[in-house]
Amino acid sequence: MGIYNFKNIEQKWQEHWKSNELFKVTEDDSKQKYYVLDMFPYPSGAGLHVGHPLGYIASDIVTRYKRLNGFNVLHPMGFDAFGLPAEQYAIQTGKHPAITTEANIKRYKEQLNRIGFAFDWSREVQTCDPSYYKWTQWIFSEFFNAWYNKKTNKAESIDQLISIFEIEGNVNIEYHGDPCESFTGEDWENFSAQEKENILQCYRLAFQKETSVNWCPELGTVLANEEVKDGKSERGGYDVIQKKMSQWYLRITAYADRLLDGLNKIEWSESIKEIQRNWIGKSEGASLHFKVKGSAADIEVFTTRPDTVFGASFMVLAPEHELISSISTDSEKEAVQAYIDRAQSKSERERMMNKEVSGCFTGAYAINPFNQKEIPIYIAEYVLAGYGTGAIMAVPAHDERDHAFAKKYNLNIVQVVEGKESVNIQEASYDAKEGRMINSEMINGLDVKNAIRATIQFAEEKGFGTRTINYKLRDAGFSRQRYWGEPFPILHKDGIPSLVDELPVTLPDVQSYEPAGTGESPLARVEDWVNTPEGRRETDTMPGWAGSSWYFLRYMDPNNDEAFASPEKLKYWNQVDLYMGGAEHATGHLLYSRFWTKFLYDLGRIDFDEPFKKLINQGMIQGQSRVINFIRLSFSGSFWGDNPSFPDPNEVFGRVLLTGKLAQFLQNASNQDFVKLKFEEIFLKKYKKYKVTNNEISGSLHPQIPSDLDPIEVIRIPLEFVDKNGSVNFELFLKENKYNLPENTSIFDLSEANEIIEYHEESTEVHKNYFQAGIITEKMSKRWGNVVNPDDVCDEYGADTLRLYEMFLGPLQDSKPWSTQGIDGTHRFLKKLWNLCFDQDGNFLITDETPSKDSLKSLHKTIKKVSDDIEQFSFNTSVSQFMICVNELSSQNCKSKSIIEPLLILLSPFAPHISEELWEKLGNTESILNAQWPEYDESQLVESVKLYPISINGKTRTQIEFPLDMDKNTISEKVLEDEVVQKWLEGKAPKKIIVVPGRIVNLVI
RNA sequence: GCGGAGAUGGCGGAAACGGAAUACGCGCCUGACUUAGAAUCAGGAUUUUGAGAGUUCGAAUCUCUCUCUCCGUACCA
């Protein structure tokens, strides 16, 4: 037992924790609750890599810390188990996604348990389990049965809405939804069932809408945006076209303002909040109506700058705009149609990538309602149908895009805002948000802010415009034409969708996972499932984010069959106090969860309207790939003559050796010599170092390849050729020469770029090919062969080392590359701790001896630092503090139980296994999990004296010890008497003496 | 373009409040133990905080200007 046998220890305690159910929590009103949650993992076939546990380790530390501080901590784990990869795999192999998913989950759990996480597995949930998705379907049903009342500003029951319709129709209803003609109570009674449902679809929070989707005829399926690349399917590269299909939507736009406001009351990183704000994209402005000359048509535009309306010299409609065909003149019709056809054949992506200015005149003219001026109407791709009204008034003088368009089509550019400096408006637009109005009739002279106000007021009085708020946020598409997802609890009969009463609607088995070829999901082919006496089942399934939008609620009461969770448990566990996860879900999961939470709050099901009180985004752990960069370098330069031109050091790397004539000359040259000056100025200045020996001057150029010098080719070296210290076995790699490198290729490391370039001729020309070893940091992925498996780290060093090391790497929130190089240090620390407690023969050394004052100081310093650090999620500095403490205790030869015991409690959240083992050795029979966090005693740290640094003009020159309670004047006097100080003063009196008690003394002379 | 974060030794990174810059770890060098390696122990070196200015007795920290890097997002009117 002399050595630290982490394997036995870790296995022993993992079994102990499991068999004694030590991680199981129940609601307990006598204790304060704390809810720690990790983002829901999708169990991929690749298993975990070392980047995944980073957040889990951090949240586990907080869990154990809070528990030691007396909190009742909920720390569950489960799986977001519906998803595309399992389905793709099923299509290829015919294997049921449920089977692969189950196998992957098993693997994940094994990997997680090896790291010793304190998860309460009894609360595990899986989104693909019918007992779980029953409630996902139930929540969808609630959305279907709800509408958004703008008067009360919350979601309400659709039944109540119907009873209002029955009495007074919809005239007094203010709602958020699709536009709907007004009707009376009598009208409502006379509507057919179909008509009634059509109206209700405008109100429901879950509704169907015909929209265009990315349809791939070759694959016979609808594709998600991220599956489409440059207008082709990512898989197969087939053409993707836009096809109109009926899709389900959730009316998230009703919550836009509340989603925006709610950001102010949650502790999330500013960057994530900002991303959500931008995504919601609230902008205030005006909608203005322009009449079309010689037509009854009226075009509504949205603008945030109504003040610039007098500078509007043309109008642009999106190619999809519905009025185009009715206003285009006969002479332009053909060209307009051609332009529209061209625009529609492009994918959304192509349109975004193509920045070229293009457009087409419709032949029609709009009338500016402010001054009755006629302005031409164009159509152009740069105006998006989906934003605002799909039409803009173009103000080329003050909008860059409008300016570019005006230039291309030779349209008028009229300046209406004047800034401080004069600008040439014909050259470039002046997109200023401040300034004074000119050329603008009644608003001339006003500043922008007041001009906006005045313009809107004027428009409202005359009835051709209103103040309007616009959002970028769109309603959330909720349909997927897939098999492996939650079925909708919906039946269609006579074109009317209705809810299924009995939940869950379970996923049937299918013969084939291939899409049905009609654009519908594989479910459409299961005739006996689809066709029921009550109607035809909805065959779409829900998107991946459905199950993950509410899973944190299910953990509170995972086996409840009566409700998604009981009101009592929802009340007890409440919000998630700490949510740990990656930043990549900023606009997906994190926004949808907030939306669902607000909805359930409106229904009175929960009494909080934000799901995650505090959010910490752990950084990504990247992989390091060793590579060979194939580079071609050429440069030339001449060193002699009247006009020497040195090669730009930025273009060269390697080591430069100057020999012969030039070196000799440079050494002998006087300092004023032109060549020498030039040489030093251009060349050597940019070297890190250079030295002159004998007849040589050598210097290292850039230790790195200049960033603008792209390698012609990058070859990745598999990890098997890289040892623990990161050195690459190039010989072996080259021997296996799978990459057809030229014979006799030599490869050099970045650190020793040893290609020597000699300059000794009058001029030098170099054209060389290099094979240079390098490291690139990139995402860990199977594809790059740079994945590090935590199992391997556990095998070699143990879980406690892995946990400590991941925390020690750097601040939690930062991204950092994984490197095996530092891991020995943390492992060594655990061994040092072990050796503090055991001698070489395995005798336990800890006794009841009274601790020294120094040891008490080391302990209490650690209590303070670690407690503070955990509160601030600064785990890397806690690990440092543990190292410092153990180093100090070792040199103090501390064997005192009263020091080691509390230290183990502090360490147990970080390295739980070794802490439990030593804790038991100290004679404790109950798990360290149930111990109490030690209290920091400030009196142990109080010093009576302080070694003051004495600085003169800001630079430390000596140190003198003074009692801490000594007053400023006495310190000043004593300092002046000091020998070293006297020497610096040279007999003069200092101008000023600054004494900061307990810190520093500074003399100004 | 817009938004966010950041720049400290050879490397990862420490430094509430402005008060001894580089704690802790890795790597490197020297020495001890050892047949040798591994392990362990003792000792050592490097840099002046991206650049420039300002405030201050004193700036990594505060203010301004600039440069660069990473991340997110983008024809949003």
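Values in this document were obtained by computation on a predicted structure and should not be read as measured data. Reminder, nothing fancy here: chain letters follow the sequence lines and each chain counts from 1. Worth knowing before you read on, the calculation uses all heavy atoms, side chains too, and leaves out hydrogens, waters and symmetry mates.
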If we only count heavy atoms from C-beta on, is the [X] to [Y] side-chain gap below 4.5 Å?
X	Y	result
A/Gln872	A/Asp868	yes
A/Phe290	A/Ile375	yes
A/Ser951	A/Ile1000	yes
A/Val793	A/Val50	yes

For atom [atom1] of [X] and atom [atom2] of [N], their distance in whole Å:
X	N	atom1	atom2	answer
A/Glu806	B/G12	CD	P	18 Å
A/Ile950	B/G19	CD1	P	17 Å
A/Ile452	B/A77	CD1	P	12 Å

Taking the [atom1] atom of each, how far is [N] from [M], in whole Å?
N	M	atom1	answer
B/A51	B/U67	C1'	7 Å
B/G44	B/G9	C1'	15 Å
B/C62	B/U49	P	16 Å
B/G19	B/G58	P	14 Å
B/G52	B/A59	P	15 Å
B/A16	B/G12	C1'	23 Å
B/U34	B/A23	C1'	33 Å
B/C64	B/G4	P	14 Å

Filtered N/O pairs between nucleotides 57-59 of chain B and protein, under 3.5 Å:
{"residue": "B/C57", "atom": "O2'", "partner": "A/Asn1002", "partner atom": "ND2", "Å": "3.2"}
{"residue": "B/C57", "atom": "O2", "partner": "A/Asn1002", "partner atom": "ND2", "Å": "2.5"}

Does the side chain of [X] come under 3.5 Å of the side chain of [Y] through a donor N or O and an acceptor N or O?
X	Y	result
A/Tyr936	A/Thr862	no
A/Asn470	A/Lys282	no
A/Asp399	A/Ser429	no

Q: Please check if the distance between the ring centroids of A/Phe6 and A/Tyr797 is under 6.0 Å.
A: no
Q: Step through it carefully: locate the ring centre of A/Phe405, locate the ring centre of A/Tyr378, and say whether they are under 6.0 Å apart.
A: yes
Is the phosphate of [N] approached by [X] (side-chain N or O, under 4.0 Å from OP1 or OP2)?
X	N	answer
A/Asn876	B/A14	yes
A/Arg828	B/C26	yes
A/Asn835	B/A39	no

Q: Determine the contact category for A/Ser271: base if any of its heavy atoms lies under 4.0 Å from a base atom, sugar-phosphate if only primed atoms, P, OP1 or OP2 are that close, otherwise nothing.
A: sugar-phosphate
Q | Minimum-distance nucleotide (side-chain atoms of A/Glu274 versus B/C76, B/G3, B/G27) | A | B/G3
Q: Among the candidates B/C24, B/G4, B/A77, find the nucleotide nearest to the side-chain atoms of A/Ile392.
A: B/A77
Q. Syn or anti for B/G9, with syn set at within 90° of 0?
A. syn
Q) Could a donor-acceptor pair under 3.5 angstrom be found where the side chain of A/Gln813 meets the base of B/A5? A) no
**Q.** RNA chain B contacts among residues 860-873 of chain A, heavy-atom distance under 4.0 Å
**A.** none
Q) Using Watson-Crick and G-U wobble pairs with both distances under 3.5 Å, what is the 5'-to-3' dot-bracket string of RNA chain B, with [ ] for crossing pairs and | for pairs outside the strand? A) (((((((..(((......[....))).(((((.......))))).....(((((..]....))))))))))))....
